Amino acid sequence: MKRRKFIKNTGFGAGSILTGSSVVSFLTACDNNDMMNGGGMNMGGQSVSVTEGKFSRMLPVPKTVKDNAILTAQATSATINGNAVSVLGYQANGILGPIIRINSGIKASINFQNNLSEKSNIHWHGLKIPANMDGHPEDVVNPGSNFNYQFSVNQRAGLCWYHPHPDGATARQAFQGLAGLFIINDAEEAALKLPSGMYEIPLVIQDKRFSSSGITYSPSTGEVMTGYMGETITVNGEVSPFAEVTTRFYRLRILNGSNARIYNLALSNNADLIIIGNDGGLLKSPSIVKNILLAPGERLDVLVNFAGLNAGTEVFLESKEINNAGNAQGKQGFKILKFKITQTVNDSFTVPVSLSSFATVSPSSSSKTRNFIINAMQMGGSMNMTGMHRINGKTYDKNRIDETVAANTTEIWVFDNSQGDEPHPMHLHGVHFQVWERSGGRGQLIPSESGWKDTVLVMPGETVKIIIPFSTLTGVFVFHCHNLEHEDDGMMLQYQLT
């Protein structure tokens with residue numbers, strides 16, 4: 001990498017913490033030690049190419065449990081791509097946890113047993129629950145101990161998920177296998193008679209790195225900068241699987257459970273993706289697209305119609321090339337999952353014209369606007385390679401409350417990545433919000449950003465405004481980038497709802 005390009009990519013120059021002499025000394029050290037080419041410090045900006053599998057193994061579907069469940073974080077093994085692989089799991093002999101399915105209005109009681117050799121916990125991503133049950137980075141469970149998560153689910157139907165959230169270890173624990181889906185159902189959704197049972201397919205899309213010893217997690221400094229990405233795509237814990245379908249509508253419940261990789265989802269036959277829901281549940285009405293971006297932590301509820309295809313036809317869910325998302329995301333398209341048409345059937349399902357009714361929050365109802373500058377990568381003169389990603393110049397401090405918010409108020413939060421060159425999916429705990437406006441970069445909202453969200457992708461050069469109606473769930477919550485390497489590196493602040 002040339003020096004001028006390196007300075008641009010790392011954010012050195014105007015606004016850099018390093019002094020001019022420090023920059024010269026650092027670059028000289030890089031040249032002398034060949035640090036830019038694997039000599040000890042990969043400075044990132046490099047894409048990790050995906051190697052497609054054979055699509056010869058059946059798509060596994062995690063078992064479903066209800067409102068009373070036991071999740072045991074443990075080192076175990078799973079059969080992946082025909083091989084026994086060392087993983088972390090919430091159940092023995094498997095990667096990922098069970099699907100927890102619950103009706104709105106029910107109280108969940110989930111016992112978490114930590115059988116790891118380190119602290120862990122569970123964050124219930126997308127659930128609006130009390131702060132002491134949310135999985136704050138400091139609310140951890142020691143090795144050999146347990147904690148009973150008890151909370152009432154008082155929100156609309158939607159696809160949520162759960163994963164660890166201990167400060168500094170979230171990325172590794174999640175990458176090595178700790179994650180699972182949490183599905184909420186309600187009467188409004190049931191009335192639509194959407195495809196269900198075997199016609200509702202949950203899809204947890206993740207990229208992994210495998211070695212003879214298991215799932216490898218050892219990010220270089222550069223990969224802390226850009227996010228840790230794998231060369232192998234898994235769906236529900238299997239490499240390049242296939243699913244058998246018939247000529248009818250299917251409902252795909254999709255989670256991007258990757259640490260850092262963004263997907264540009266599409267079907268290989270250019271068929272429609274009919275978006276009916278996102279992070280916070282159903283949209284007001286369906287939105288038809290050919291492709292859609294999905295960042296880490298985001299979810300999609302999509303209808304796909306295989307009618308008119310002949311038995312034996314194969315259609316792939318794939319990720320198309322992505323532009324303007326930084327160098328590390330790459331420009332490669334690749335296949336994710338194969339659908340095999342097995343037989344022709346009659347299907348009476350029709351896509352509803354209207355899905356859900358909810359109010360659009362007016363900006364005029366906001367009592368306060370808060371601005372959050374997503375800072376370019378920064379390093380100190382001591383070459384301390386931590387805290388490279390910051391919000392308003394700050395990194396996470398468990399002893400500091402960064403924002404104090406009054407309960408039952410509405411606010412506008414502005415995430416400004418106009419000077420950045422990396423994408424950041426920004427996630428807020430404890431609330432759902434509506435995306436109001438995007439300027440710079442793509443310059444507009446995309447169809448999956450209507451309705452309620454808990455994570456929003458802020459691309460390089462973009463500023464995104466969201467509107468948040470805060471509830472009465474008082475306490476301390478965090479908000480952070482859901483590129484998990486960025487989060488563990490300190491790109492996370494705290495807000496207190498009072």
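Predicted, not measured: the structure shown is a model, and the values here were computed from it. All residue numbers refer to positions in the sequence shown, counting from 1.
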Inset, instruction - Dump the intermediate steps for side chain to side chain donor-acceptor pair (under 3.5 Å) on Q173 and S120, then the final yes or no. - result: CA-CA 8 Å; Q173 291 186 10; S120 191; 2.7 Å; yes
Inset, instruction - Could you please spell out the steps behind the side chain to side chain donor-acceptor pair (under 3.5 Å) verdict for T455 and H125? - result: CA-CA 10 Å; T455 305; H125 186 131; 3.3 Å; yes
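Side-chain polar atoms of H424 and H486 form a donor-acceptor pair below 3.5 angstrom. Between the side chains of E485 and N259, at least one donor N or O lies within less than 3.5 Å of an accepting N or O. D186 and N103 are not linked by any side-chain donor-acceptor pair at a separation below 3.5 angstrom, with hydrogens and angles left out of the test.
For the side chain to side chain contact (heavy atoms under 4.5 Å, CB included) test with F112, the passing option among I70, T72, N148, I122 is I122; the others fail. Across V351, I276, L282, a single residue satisfies side chain to side chain contact (heavy atoms under 4.5 Å, CB included) together with L192, and that is L282. Of the options F415, F372, Y396, a side chain to side chain contact (heavy atoms under 4.5 Å, CB included) to I391 is made by F372 and by none of the others. Exactly one residue among V239, N83, T216 makes a side chain to side chain contact (heavy atoms under 4.5 Å, CB included) with F210. That residue is V239. With respect to V464, the side chain to side chain contact (heavy atoms under 4.5 Å, CB included) criterion is satisfied by exactly one of R438, R442, E449, M459: R438.
Between Y217 and Y228, a ring centre-to-centre spacing shorter than 6.0 Å is recorded. Y199 has its ring centre no less than 6.0 Å from the ring centre of F349. Checked against the 6.0 Å centroid threshold, H165 and H429 count as a close aromatic pair.
D207 pairs by the side-chain hydrogen bond (donor to acceptor under 3.5 Å, both in side chains) definition with S258, R261, not counting sequence neighbours. Scored by the side-chain contact (heavy atoms from CB on, under 4.5 Å) test, P202 finds V61, I99, L181 as partners (sequence neighbours excluded). Shown here are the side-chain hydrogen bond (donor to acceptor under 3.5 Å, both in side chains) partners of R101, two or more places apart in sequence or in another chain: N185, E200. Evaluation of the side-chain hydrogen bond (donor to acceptor under 3.5 Å, both in side chains) rule for E321 yields no partner, not counting sequence neighbours. With sequence neighbours excluded, the residues that form a side-chain hydrogen bond (donor to acceptor under 3.5 Å, both in side chains) with R156 are S356.
Both cation-pi conditions hold for K340 and F242: the charged atom is under 6.0 angstrom from the six-membered ring centre and inside a 45 degree cone around its axis.
Using cut-offs of 30° and 60° on the angle between ring planes, the pair W124 and F182 is perpendicular. Taking the six-membered ring where tryptophan is involved, the planes of Y495 and F479 are tilted, since the angle between them lies from 30° to 60°. Using a 30° and 60° split on the angle between ring planes, W161 and H482 fall in the tilted class, from 30° to 60°. Between Y250 and F306, the angle of the ring planes goes over 60°, which puts this pair in the perpendicular group of the 30/60° scheme. Taking the six-membered ring for Trp and thresholds of 30 and 60 degrees, F334 and Y263 have ring planes more than 60 degrees apart, a perpendicular arrangement. Ring geometry, Y149 versus F147: the interplanar angle exceeds 60°, so the pair is classed perpendicular (tilted spans 30 to 60°).
The number of heavy-atom neighbours closer than 6.0 Å to NZ of K284, taken from other residues, nucleotides and ligands shown, is above 12. Annotation: N324, atom CG; neighbour count of heavy atoms from other residues, nucleotides and ligands within 6.0 Å does not exceed 12. Under a cut-off of 6.0 angstrom, the local environment of NZ in K290 is crowded, with over 12 non-hydrogen atoms contributed by other residues, nucleotides or ligands.
Atoms CZ and CZ, from R251 and F249 in turn, are 13.5 Å apart once rounded to the nearest 0.5 Å. In this structure, I80 CD1 and T234 OG1 are separated by 7.0 Å, a value rounded to the nearest 0.5 Å. For the atom pair OG of S49 and NZ of K331, the computed distance is 12.5 Å after rounding to the nearest 0.5 Å. Of the inter-residue distances, the one linking D139 atom CG with D134 atom CG reads 8.5 Å to the nearest 0.5 angstrom.
E314 has a carboxylate O that lies under 4.0 Å from a charged side-chain N of K338, or vice versa, which qualifies the two as a salt bridge.
A donor-acceptor pair is defined here as one N or O able to donate and one able to accept, closer than 3.5 Å; no such pair exists between the side chain of E437 and the backbone of G443.
Among residues at least two apart or in separate chains, salt bridge (Lys or Arg N to Asp or Glu O under 4.0 Å) pairs with a member in residues 105-125 are E118-R172.
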